[in-house]
Participant: 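Please read through the structure below; I'll follow up with questions.
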Number of protein chains: 4
Amino acid sequence: MERRPGRPREERVTGAVLSAVLDLVAEQGLGAVTMDAVAARAGVSKPAIYRRWPGKHDLLIAAAETRIGTLSVPDLGDFRAELRAVLDARLQAYRMPGTVQLLAGLIAASQEGGEAQGAYRRYVTRIMGETRKVLERGIARGDVRAGVDVRAAATLVAAPMIFRLVIEQELPDEPFAAEVTDMIARAVGAPA
Amino acid sequence: MERRPGRPREERVTGAVLSAVLDLVAEQGLGAVTMDAVAARAGVSKPAIYRRWPGKHDLLIAAAETRIGTLSVPDLGDFRAELRAVLDARLQAYRMPGTVQLLAGLIAASQEGGEAQGAYRRYVTRIMGETRKVLERGIARGDVRAGVDVRAAATLVAAPMIFRLVIEQELPDEPFAAEVTDMIARAVGAPA
Amino acid sequence: MERRPGRPREERVTGAVLSAVLDLVAEQGLGAVTMDAVAARAGVSKPAIYRRWPGKHDLLIAAAETRIGTLSVPDLGDFRAELRAVLDARLQAYRMPGTVQLLAGLIAASQEGGEAQGAYRRYVTRIMGETRKVLERGIARGDVRAGVDVRAAATLVAAPMIFRLVIEQELPDEPFAAEVTDMIARAVGAPA
Amino acid sequence: MERRPGRPREERVTGAVLSAVLDLVAEQGLGAVTMDAVAARAGVSKPAIYRRWPGKHDLLIAAAETRIGTLSVPDLGDFRAELRAVLDARLQAYRMPGTVQLLAGLIAASQEGGEAQGAYRRYVTRIMGETRKVLERGIARGDVRAGVDVRAAATLVAAPMIFRLVIEQELPDEPFAAEVTDMIARAVGAPA
DNA sequence: TAATAACCGAGACGGTACGTCAAGTCTTCGG
DNA sequence: CCGAAGACTTGACGTACCGTCTCGGTTATTA
């Protein structure tokens, strides 16, 4: 195990900063997420933040990752059930205060095209990976049509919840998740 | 016809400003859309801009409206065809340079919650209205299932294209539109 | 009379900033002369300061100029009297609170070699000009030796007071001025 | 002979640091004399520096002392000759690259009023001590007027060279030294 | 021989200031 | 009243430096 020389970074700082970002977003919205405010809230100096993340965008992405990390759906033996599980997991994540603002900030940040963009791309890929697995499992199992374009279908699954939340600015609820589950099951499910 | 006293507003300004916003976004990205930059590019003074739009957010929304304005799909006698028409119209709009950044900026701006938010909401509602009409026409016609939740379905239609563009950061293409058309037709179409 | 377009600069700002610098130096020393502190004290914004002076060094020089501006000694008919007048004028200037710190800051600032250096050089030249005039007047009058190197003599006149103040860190007093007057009069005066 | 326990300090460090300060000042000016830069240049760590000098000011003073250390003028039997020897010694010291900046830095540092100030005062006193000795020797010998204020005269001797260098920002040369010698000899010398 | 204490390089830390930039307002002039 | 031009406030940005502290490791003196 290689060890870099010099004083090691304090773990406390990383966690405190990310928490501060989430708190500020939840309590006062995206506009309150100032580097100074984050530093003050976290009880940390600005340079300590910039040592970890090259810019505000990267920090936002990192904060978002702690919110909507990798979710993992086990094999439930049924595509519809797994699909619902995926959507329910998202539902929970989106219900947490500040998630909308965080996502909105993330989207804006991802357009700048610095080092942040790579991290963002990897993040999105990772997020959608589980949905693809569920679809592929369904195909293997036979309750998803063999001809389905998996990538397009994954988009169809992931999009509505975020759209409702971020574009329509309305918290998606369970009836909505149920409705989406039903429609997508019809869209990609194997005919009886 | 009432006439305010003093020098009337020059029509030239409004157009020049909106064009400047679109140009800047397309050429240099969202970060280049500064009020000063817009003013300089449009050959216009800043006060002239603020006289027309109360803030940057509103200006962004106005610029977005010129891009993805109201689209109107005529009755083609077939839901699937009309759905495809809706998606193709979006496809064209999204293909124009700078649309991604514009949308991203719009999303970020919409979170601030000033006067702009109302305009944003009206804009989104208007955008989705046509899709709802198409769905309702399909129900009336009988080629869309009667039990479909129209609002949820409208979200299902609008979301994938924007998601692919803004979240996945990939330009949606015609095969994708075709695939989505097919899936949604299965999702909400009346069974044969 | 040419008039630049746009809103003219407020005279208030320039004066308020220079006063703020002098006040801060006098009250809390050189270390308290922060651009933020100056801005706050002057009731002015930082950009307004940077519009007028390219950096902190230039601001310091400008502030020093208001303190030890051009002094003018009239023809008193006697070299010794005029010499004493020059030294007394300096004495008064140096007695004002904060002058030491200001001079020390000036010296440090003058080493950086930006645009500030030119201003500094002009300032020093101007300061020493009056002393040279006094010397030249003395030569013409005959109570200063004809062979005296005027530039060297001017340095001999200007140096002791500043040295005592800045290097020895002691406020020069009248006995000191009298002693210096006497010694320099002997050094450059014409023999009786 | 008391010996502190633990690993003794490496002599190498002290010398390397002082050299680094002098080199940096000479090559890139006062602004380049950063504690980090000094440490890097000397191949030494920052704590190793702070173990030896309590702060930057003290380090600057220490560096200056290596440049303009104690000079000792032997009894040459003649005031004028000794005076010239003093000024020539200074001339040599001032000619070394970076001395101006070093002095300027010293002056600025001496205003801060920490622990460094004491060291600075002692340094100045020591520097001027030799000049006082020369003057007192002259009085005893009889080639300096008995009534001369020794302290004021010492200032008169020390000031012009530094003033020319630091304030006028011009390297004092031998003609200047000769001229100053002549004038001061007239100022304080005993009449023939 | 082992323990201890002070040293060493490397580098992260808090704090504070710097100089810049953008948003939105205000002021001058001329049309 | 509208227009351009540009100065203004506010407040955030990202960077630089200072002096301290924490590592892992080394070197000498003491037990």
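Proteins come first, then strands; the chains are lettered A, B, ... in the order of their sequence lines, and each starts at number 1. FYI, side chains are in, hydrogens and waters are out, and symmetry mates aren't considered; it's all heavy atoms of this structure.
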Participant: Looking only at atom types and distance, does a side-chain atom of A:Y120 sit under 3.5 Å from a main-chain N or O of B:I167, one as donor and one as acceptor?
Facilitator: yes
Participant: Taking the side chain as C-beta and beyond, is there a heavy-atom pair between B:L18 and B:W53 under 4.5 Å?
Facilitator: yes
Participant: In whole Å, what is the span from the CZ atom of A:R7 to the P atom of F:dG24?
Facilitator: 13 Å
Participant: Any side-chain heavy-atom pair from D:L22 and D:V25 closer than 4.5 angstrom?
Facilitator: no
Participant: Counting distance alone, no hydrogens or angles: does the base of F:dG14 have a donor or acceptor under 3.5 Å from a partner atom on the side chain of A:K46?
Facilitator: yes
Participant: Are the side chain of D:R52 and the backbone N or O of D:A48 linked by a donor-acceptor pair below 3.5 Å?
Facilitator: yes
Participant: Shortest non-hydrogen contact from B:A119 to B:I61?
Facilitator: CB-CD1, 4.3 Å
Participant: Has D:K46 got a side-chain atom pairing as donor or acceptor with D:V38's backbone, closer than 3.5 angstrom?
Facilitator: no
Participant: Could you grab the distance from atom CD of A:Q111 to atom CG of B:L102, nearest 0.5 Å is fine?
Facilitator: 10.5 Å
Participant: Calculate the interatomic distance between C:E10 atom CD and E:dT25 atom P; express it in whole Å.
Facilitator: 17 Å
Participant: Decide side-chain hydrogen bond (donor to acceptor under 3.5 Å, both in side chains) for C:T14 and C:R9; before the verdict, give the C-alpha distance in whole Å, the side-chain angles of both, and the deciding distance to 0.1 Å.
Facilitator: CA-CA 9 Å; C:T14 306; C:R9 289 192 179 162; over 6 Å; no
Participant: Which residues in residues 12-42 of chain B have at least one heavy atom lying under 4.0 Å from any atom of DNA chain E?
Facilitator: B:V33, B:T34, B:M35
Participant: Under 4.0 Å from any atom of DNA chain E, heavy atoms only: list the residues of residues 101-111 of chain D that qualify, in numerical order.
Facilitator: none
Participant: Taking only heavy atoms on the protein side, list every residue of residues 50-67 of chain D lying under 4.0 Å from any atom of DNA chain E, sorted numerically.
Facilitator: D:R51, D:R52
Participant: May I ask you to check whether C:Q169 and D:S110 show a side-chain donor-acceptor distance below 3.5 Å?
Facilitator: yes
Participant: Quick test of your reading of the model: are D:E65 and D:R122 salt-bridged, counting only N-O distances below 4.0 Å?
Facilitator: no
Participant: Nearest to the C:P47 side chain among F:dG6, E:dG9, F:dG11, which nucleotide is it?
Facilitator: F:dG11
